[in-house]
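Nothing fancy with the numbering, it's 1 onward along the sequence. Counting convention: from 1, in listed order, for ligands and their atoms alike. Everything quoted here is computed from the prediction, not taken from an experiment.
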Amino acid sequence: MSDANAITCDVAVLGAGPGGYSAAFRAADLGLKTVLIERAPTLGGVCLNVGCIPSKTLLHAASLITEAQAFRAHGIDFGSPRIDLDQLRAHKDGVVGKLTHGLARMAKARKVEVVQGTGTFRDAHSFDIALTKGGTAAVRFEKAIVAAGSEAVSLPFLPKDDPRIVDSTGALALPQVPQRMLVIGGGIIGLEMATVYAALGSRIDIVEMLDGLMAGADRDLVRVWQKHNASRFNRIMLKTKVAGANAKRDAIHIRFEGEGAPEITEAYDLVLVSVGRVPNGRLIGAERAGIAVDARGFVTVDRQMRTNVRTIFAIGDIAGAPMLAHKAVHEGHVAAEAAAGKPSHFDARQIPSVAYTDPEIAWAGRSEDDLKADGATFGKAVFPWAASGRAIAMARDEGFTKLLFDADTHRIIGGGIVGVHAGDLISEIALAIEMGADAVDVGKTIHPHPTLSESIGMAAEVFEGVCTDLPPAKR
Ligand code: NAD
């Protein structure tokens, strides 16, 4: 396509995930003529369409099932759930649709032009677009923000094109409720999907090559999850790998090797591969624009999210770990503001992580295991939910809230929560870290009673030795 017909703009954003659309909307709000390039038919990227949002919809359904079952022991029996998979799938799709429609409306209201197609750099000031509907286009820009995300890692030794072997997108499509399901990879995606399918009635095996699940989370948090889930899953095989797979008519037959490997080959109706994601840095023609991409496929950026080409920015999964939507959004705002000439920088003190499992695990700031590995001196206080009236009232008192403090200033530098709603509770710890709050600030903040959030104030009181909701500290 000749340049005369090119769409021209101040800022072109490549990829409309949470990072990309946030960057585009912020740029438009700052008065820049903005084009948003996305190959999928809807905005929102992996997170909204085939990730965070559909998985949370299904996890909510899973929690209804498990909570109802658990309450049999306390006098309410709803009987066994009758699951209409078509209706559940339609509900999930409806949730996603509501949000994608909202985004399309917001793009229009901001006069952000959405180009539906796959963009690759032609040079440092233009993209070639292979339009999704067929044909090509070109977008010429003053500045660009690359938000092209990541894709699931696949395992080369697994049979190709077998619908019984899926990644997270395939698992979220809810093709069936398999009788026997294998989850390869005990990270957040694997454990969230295992939680969903276990509630729907599948017998789940999980295989993880490391010696623990959910790398990155403190082990004391994961231990509580593991104890609570001891009977939910058939088998959790640690320090174990898949050694071979054979797709037969009746099932996928898997051979394992390693410490937890069963002696015989196991048969599965569905296999989820959730062994991590890789950035899409090699798929965007970066070399034609002169953009540096590292060996792993990440685009290298500075604190303004600028690449080595000063007019091109990169944000989100493609710009570095952690691959989390909320990090991408903040980076997107910084990039848009920097593109508009503002002195914005990404200087977050913490990026929270949440596993929306049952119970949830959430952490922010420094983790205890990392601090120990660094040989750092730090303070720590724990409030066990066994002493929380609200957690006991909910019959969910297995969790705890942990705060980590700078040993000298008593400022909060990290924290972790395991328990129901941990993902919602962690924000207070995130704010405390960002604000430089210390134990007294948080302990003396009046928290409503009876709530799970009280446990954060009480953990701070524990650190100060003034908590009256626990037995007296030993002197
Ligand atoms: P992950 O890297 O978090 O976990 C993958 C796990 O698979 C690791 O524990 C790894 O040791 C294991 N593994 C790798 N190869 C293996 C093999 N051959 N056999 C057995 N185990 C193997 O990746 P993920 O869970 O796929 O998630 C991908 C990304 O998406 C992560 O960055 C994650 O943070 C993000 N994500 C976040 C959320 C959330 O915040 N709630 C939800 C989903 C995904």
Side-chain angles (χ1 to χ4, degrees), residues 17-19 45-60 149-158 165-172 182-196 205-217 219 221-222 225-226 235-245 254-261 266 271-280 296-298 316-329 351-364 367 417 421-424 426-427 430:
V46 170
C47 177
L48 200 171
N49 291 280
V50 288
C52 329
I53 298 300
S55 66
K56 262 73 270 174
T57 309
L58 297 181
L59 279 161
H60 180 68
S150 60
E151 63 182 12
V153 171
S154 56
L155 294 174
F157 52 85
L158 292 179
I165 300 176
V166 295
D167 60 12
S168 54
T169 302
L172 286 166
L182 174 67
V183 173
I184 307 179
I188 290 185
I189 292 186
L191 298 181
E192 289 185 358
M193 292 318 301
T195 306
V196 167
D205 286 351
I206 300 167
V207 57
E208 164 58 53
M209 67 182 189
L210 301 179
D211 61 358
L213 301 170
M214 259 186 271
R219 294 301 91 188
L221 301 169
V222 178
W225 178 91
Q226 219 152 342
R235 198 187 271 147
I236 296 179
M237 298 170 266
L238 298 178
K239 292 195 193 166
T240 306
K241 277 182 168 177
V242 172
I254 302 269
R255 196 161 46 80
F256 298 96
E257 63 182 22
E259 278 190 21
E266 295 285 334
V271 175
L272 166 65
V273 183
S274 48
V275 295
R277 297 182 66 85
V278 282
N280 286 335
R296 291 173 300 169
F298 286 114
D317 289 8
I318 205 167
M323 292 187 182
L324 296 170
H326 41 275
K327 171 199 138 235
V329 168
I351 301 168
S353 289
V354 181
Y356 298 90
T357 45
D358 179 30
E360 292 183 351
I361 298 183
W363 63 103
S367 75
I417 305 175
H421 305 300
D424 289 301
I426 199 69
S427 297

- Considering all heavy atoms of both residues, which atom of Leu59 and which atom of Glu192 are nearest to each other, and what is their separation?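 Reported closest heavy-atom pair: CD2-O, 3.6 Å.
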
Is there at least one pair of N or O atoms, one from Ala355 and one from ligand 1, spaced under 3.5 Å apart?
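In fact, backbone or side chain, Ala355 has no N or O that close.
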
Review point. Does an N or O from Leu155, backbone or side chain, lie closer than 3.5 Å to an N or O of ligand 1?
Key: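 No: no nitrogen or oxygen of Leu155 is under 3.5 Å from one in ligand 1.
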
At what distance is the nearest protein heavy atom to atom 16 (C) of ligand 1, and which residue and atom is it?
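Heavy-atom neighbour on the protein nearest atom 16 (C) of ligand 1: Val275 CG1, 3.5 Å.
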
Notebook entry, point to check: Where is the nearest protein heavy atom to atom 42 (C) of ligand 1: which residue, which atom, and how far?
Noted result: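 Going by distance alone, atom 42 (C) of ligand 1 is nearest to Ile188 CG2, 3.4 Å.
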
Quiz item: With backbone taken as N, CA, C and O and side chain as the heavy atoms from C-beta onward, which portion of Ile184 lies under 4.0 Å from ligand 1: side chain, backbone, both, or neither?
Solution: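 It is the side chain that gets close, since no backbone atom is under 4.0 Å.
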
Decide yes or no for [X] and [Y]: does some side-chain heavy atom of the first lie under 4.5 Å from some side-chain heavy atom of the second?
| X | Y | value |
| --- | --- | --- |
| Glu266 | Leu182 | no |
| Asn280 | Glu151 | yes |
| Phe256 | Val242 | yes |
| His326 | Ile351 | yes |
| Ile206 | Met237 | no |
| Met214 | Leu221 | no |

Legend entry - Those atoms of ligand 1 less than 4.0 Å from some heavy atom in Gly185: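 Result: 6 (C), 7 (O), 12 (C), 21 (N).
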
Go through ligand 1 atom by atom and flag the ones less than 4.0 Å from a non-hydrogen atom of Arg277.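 Once the distances to Arg277 are compared, the set is 28 (C), 29 (C), 30 (O).
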
Just going by heavy-atom distances, which of Lys56, Glu192, Lys241, Glu208 is nearest to atom 10 (C) of ligand 1?
->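 Closest candidate by heavy-atom distance is Glu208.
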
Next item on the list: Using non-hydrogen atoms of the residue, decide whether Ser274 is closer than 4.0 angstrom to ligand 1.
Entry: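 Judged by the 4.0 Å heavy-atom criterion, Ser274 does count as contacting ligand 1.
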
Val242: heavy atom below 4.0 Å from ligand 1, yes or no?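 No heavy atom of Val242 comes that close to ligand 1.
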
For atom 31 (C) of ligand 1, is the nearest protein heavy atom under 4.0 Å away?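 Given the 4.0 Å limit, the answer for atom 31 (C) of ligand 1 is no, no protein heavy atom qualifies.
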
